[in-house]
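Before I ask anything, here is the structure I am working with.
Bear in mind that the values here come from a model prediction, so they are computed numbers and not experimental data. Lettering follows sequence order; numbering is per chain, from 1.
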There are 2 protein chains.
Amino acid sequence: MADLDIKAAEMLKVANLYRTKHRVTIVKVLLKAGRPLSQEQIAHRCGKKHFDKVTIYRIIETLVKVGLVHKAYVDKRASHFELAHHCTDRQCHPHFTCTSCGSTHCLMEISLPMAESPHKGFIIKRQKVHLEGLCPDCV
Amino acid sequence: MADLDIKAAEMLKVANLYRTKHRVTIVKVLLKAGRPLSQEQIAHRCGKKHFDKVTIYRIIETLVKVGLVHKAYVDKRASHFELAHHCTDRQCHPHFTCTSCGSTHCLMEISLPMAESPHKGFIIKRQKVHLEGLCPDCV
DNA sequence: AGCAAATATGCAACTAAGTTGCAAATAATT
DNA sequence: AATTATTTGCAACTTAGTTGCATATTTGCT
Ligand SMILES: [Mn+2]
Ligand SMILES: [Mn+2]
Ligand SMILES: [Zn+2]
Ligand SMILES: [Zn+2]
């Protein structure tokens with residue numbers, strides 16, 4: 001889809017990053033996925049062309065640095081990343097992990113109030129919520 | 001302190017676990033710390049006596065399984081664990097990571113309402129909140 | 001206390017996510 | 001097209017956490 005290409009390229013342009021084939025491909029993959037992906041999942045979805053894992057990690061790092069991407073959660077020692085374009089400045093939607101099947105989902109419909117700082121000098125900038133329980137498939 | 005020894009032994013007894021020297025020591029370390037520790041930190045606080053890391057990981061696993069311990073957060077690829085005795089069934093206190101110095105703290109004074117499940121068939125059992133911002137030391 | 005069964009521990013070898021340095025390739029700028 | 005700034009691929013490395021198995025410890029029972 002040329003649509004996605006344009007959108008991905010635009011996102012990189014706004015962030016003032018080199019628009020390389022690798023970066024455009026990875027942003028497209030994340031746009032299509034609409035959910036957090038690990039390095040391995042990204043590599044897989046980039047197709048048969050060679051995408052070195054180092055390159056993927058470095059691109060993720062860059063995208064996180066400019067705020068286009070967030071680390072959503074860590075599952076089985078692997079970080080999972082997603083585009084931040086549906087998150088507010090102060091928090092993303094919660095993520096939910098099923099304790100039965102181990103799957104993780106984005107719960108876009110839920111939001112919690114921001115925590116209030118307790119006079120102790122902590123300045124809270126962002127809040128992440130992770131939920132556990134049973135997914136629809138596991139009753 | 002014999003106090004801690006007794007408390008640790010009691011906790012293991014209630015959980016129906018063998019009261020081994022290693023387990024008692026590790027539960028005592030976690031009681032004293034009052035905050036999440038990594039395997040390496042636990043090993044260090046167990047003192048000069050030899051505590052194999054495999055043993056520590058297996059004890060943590062056991063303690064998590066019976067609910068005495070929670071994984072509080074992952075920092076620099078290392079899981080950090082703490083006793084669950086100050087947590088409710090549905091959520092612990094939030095943890096806070098300073099984006100400047102990287103330190104993580106327990107915020108015992110803060111609690112958020114539980115998220116409500118959104119008619120989508122997800123059953124929410126537990127909620128974890130992680131906060132980011134600036135700690136008192138970093139203004 | 002002494003014994004047998006159940007369980008925990010130590011060791012060595014392994015797994016796999018993520019990192020680092022550097023040379024070659026590609027993108028932006030002129 | 002040439003120059004410069006930046007990215008990519010490769011190989012080698014780091015390190016949290018795991019696995020299998022032999023040995024040691026705990027427990028319940030006599
Ligand atoms: Mn998400
Ligand atoms: Mn805590
Ligand atoms: Zn499930
Ligand atoms: Zn700080």
Contact class for A/S38 (heavy atom, under 4.0 Å): base, sugar-phosphate, or nothing?
nothing

Taking CD1 from B/I59 and P from D/dT26, how many angstroms apart are they, rounded to a whole number?
12 Å

Treating primed atoms plus P, OP1 and OP2 as sugar-phosphate and everything else as base, which nucleotides of nucleotides 24-30 of chain C get B, S or - for protein heavy atoms under 4.0 Å?
---SS--

If the cut-off is 4.0 Å, is A/H50 near the phosphate of D/dC10, judged by side-chain N/O to OP1 or OP2?
yes

Distance check needed: D/dT14 P versus A/K53 NZ, whole Å only.
14 Å

Separation of C/dG18 C1' from A/K71 NZ (nearest whole Å):
10 Å

Shortest non-hydrogen contact from B/I123 toward A/V139:
CD1-O, 3.9 Å

A/R35 side chain to A/L30 backbone, donor-acceptor under 3.5 Å:
no

Short side-chain N/O contact from A/H22 to OP1 or OP2 of D/dG9, under 4.0 Å:
yes

OP1, OP2 of D/dT8 versus side-chain N and O of A/R58: anything below 4.0 Å?
no

Taken to the nearest whole Å, CZ/A/R23 to C1'/D/dG9 is 15 Å

Would you mind reading off the distance between B/L12 atom CG and C/dT7 atom P, rounded to a whole angstrom?
16 Å

If you check every side-chain atom of B/V54, which of C/dT9, D/dT19, C/dA17 has the closest atom?
D/dT19

For A/H44, does the NE2 atom have more than 12 heavy-atom neighbours from other residues, nucleotides or ligands under 6.0 Å away?
no

With nearest nucleotides of DNA chain D determined for B/F81 and A/I56 from heavy-atom distances, which residue corresponds to the more 5′ nucleotide?
A/I56

Mind checking if A/T62 touches a base, just sugar-phosphate, or nothing, with heavy atoms under 4.0 Å?
nothing

Does C/dG18 have OP1 or OP2 under 4.0 Å away from a side-chain N or O of A/S79?
yes

Return yes when atom CD of A/E40 has more than 12 non-hydrogen atoms of other residues, nucleotides or ligands closer than 6.0 Å, and no otherwise.
no

How about B/H70 and B/F81: are their ring centres within less than 6.0 Å of each other?
no

May I have the distance from B/K76 (atom NZ) to C/dA17 (atom C1'), rounded to whole angstrom?
17 Å

For the backbone of A/L112 and the side chain of A/Q91, can you confirm whether one donor and one acceptor N or O come within less than 3.5 Å of each other?
yes

At less than 4.0 Å, is any side-chain N or O atom of B/R77 found next to OP1 or OP2 of C/dG18? Yes or no.
yes

Measure the OH-NZ distance between A/Y73 and A/K128 for me, rounded to the nearest 0.5 Å.
12.0 Å

Whole angstrom is fine here: how far is it from CG in B/D52 over to C1' in D/dG20?
14 Å

